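Structure first, then comments.
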Amino acid sequence: MNLCDLNDLRDLLGRHGFRFSKSMGQNFLIDPAVPQEIADASGASPKWGVLEIGPGVGPLTVELASRAGKVISVELDKSLLPVLAETLAEFPNAEIVPGDVMKLDMDGLLQEKFGDRPVMACANLPYNITTPVLTKFVETKSIRQFTVMIQREVAQRICAAPGTSGGSSFSLFLQYYMEPEYLFPVPPEKFYPAPKVTSAVVRCVRREKPPVEVENEELLFRLMRGAFALRRKTLANSLASALGRSKEELLAAIRAAGLAETVRGEQLTFADFAALCEILQD
């Protein structure tokens, strides 16, 4: 069976009485080259344990299991469990864990399933859960890297260099811990049913240390979030609203950090945010 052949896929789903769920953002790959390329890009090998989110019918799972030492796939849709039992029958190193990734004890699951084996994550993520899932990957320190297929615009945003208009507070948060790399786009016609937007694959590798060092990380992240709270406003106005500090105090800090009073949040680099953080922490 070719899990990416549309006729085989329809036959498989029909035999199991599967119905697509719009709320789960289900779009299955119908080009076998794509899961192969994602698995290759992930760098999965026998030494690695791989956490997969949302395996669908398992085309990426099969490719990962063919490369990695062990694969654990978390699937929310219970109607896909018998489908996966069939499609993954030949891969004893692949295990399906039913459940919601956002409700799982991620550290506990990875320790239980992988022990001391290094862990990466890999997924074709539904667009509606991209940010919370990536946040959970970042916050789970045992995940050393992850390779994901997400909406292209989101992929471009999280890979945008700090200080450029393409970034966001989330891209700064992610880049504080990870080094992202935009790999390749995946057009809508590679999926069934076809989504309305283009997807893209990115790989993020955990940094050995953050790009800047500050005494108060909590304040640093508040500054980064606040800088984008009112994106069309100047940094001083946006931070005044987000932090509840006077505009005069913030303008003084902005000048002390060597920035123009009219600067906008999207123009700041990590070094700029770190300088502001040190000035405002007292």
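What you see below is based on every heavy atom in this structure, not just the backbone, and it leaves out hydrogens, waters and symmetry mates. Remember, it's a predicted structure, so these values are computed and weren't measured experimentally.
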For a quick test of reading the model, state the closest non-hydrogen atom pair linking [X] to [Y] and the distance between them.
X: R203; Y: A41; value: NH1-O, 2.6 Å
X: L3; Y: T87; value: CD2-CG2, 3.5 Å
X: M178; Y: R207; value: O-NE, 3.4 Å

[atom2] on [Y] to [atom1] on [X], rounded to 0.5 Å:
X: L60; Y: E37; atom1: CG; atom2: CD; result: 12.0 Å
X: L174; Y: I158; atom1: CG; atom2: CD1; result: 5.5 Å
X: C122; Y: Q145; atom1: SG; atom2: CD; result: 9.5 Å
X: Q156; Y: Q151; atom1: CD; atom2: CD; result: 10.0 Å
X: M120; Y: C204; atom1: CE; atom2: SG; result: 13.0 Å
X: L223; Y: L172; atom1: CG; atom2: CG; result: 11.0 Å

With sequence neighbours excluded, residues passing side chain to side chain contact (heavy atoms under 4.5 Å, CB included) with [X]:
X: T198; result: R152, P185, P188
X: D107; result: D105, T140, S142
X: A252; result: R255
X: E139; result: T135, F173

Residues F170, T131; criterion side-chain contact (heavy atoms from CB on, under 4.5 Å); working and verdict
CA-CA 8 Å; F170 180 72; T131 298; 3.7 Å; yes
Enumerate the residue pairs fulfilling ring pair (Phe, Tyr, Trp, His ring centres under 6.0 Å) with a member in residues 244-272, sequence neighbours excluded, ordered by first and then second residue.
none
Output every pair passing ring pair (Phe, Tyr, Trp, His ring centres under 6.0 Å) with a member in residues 23-48, not counting sequence neighbours, ordered by first then second residue.
F18-F28, F20-F28
Restricting to pairs with a member in residues 111-131, which pass salt bridge (Lys or Arg N to Asp or Glu O under 4.0 Å), not counting sequence neighbours?
E95-K113
F146: ring pair (Phe, Tyr, Trp, His ring centres under 6.0 Å) partners, not counting sequence neighbours:
F137
Is the backbone N or O of L230 less than 3.5 Å from a side-chain atom of S238, with the two atoms forming a donor-acceptor pair by type?
yes
Residue list, salt bridge (charged side-chain N to carboxylate O under 4.0 Å, His left out) with D31, at least two apart or on another chain:
K190
Are M106 and V101 side-chain neighbours, meaning at least one heavy-atom pair lies under 4.5 Å?
yes
Transitive ILVMFWY cluster of M24 at side-chain heavy atoms under 4.5 Å: who else is in it?
L76
Kindly state each residue pair satisfying side-chain hydrogen bond (donor to acceptor under 3.5 Å, both in side chains) with at least one member in residues 57-76, sequence neighbours excluded.
D40-R67, E52-T61, E52-S73, E63-R67
For K136, does the NZ atom have more than 12 heavy-atom neighbours from other residues, nucleotides or ligands under 6.0 Å away?
yes
Begin from the C-alpha positions of I38 and M149 and carry the test side-chain contact (heavy atoms from CB on, under 4.5 Å) through to its verdict.
CA-CA 8 Å; I38 295 173; M149 181 158 55; 3.9 Å; yes
Between L250 and the options L276, L280, N237, T234, the side chain to side chain contact (heavy atoms under 4.5 Å, CB included) test singles out L280
State which residues pass side-chain hydrogen bond (donor to acceptor under 3.5 Å, both in side chains) with D11; sequence neighbours excluded, sorted by chain then number.
R15
Would you please test Y127 and V154 for side-chain contact (heavy atoms from CB on, under 4.5 Å) and show each step?
CA-CA 9 Å; Y127 299 148; V154 177; over 6 Å; no
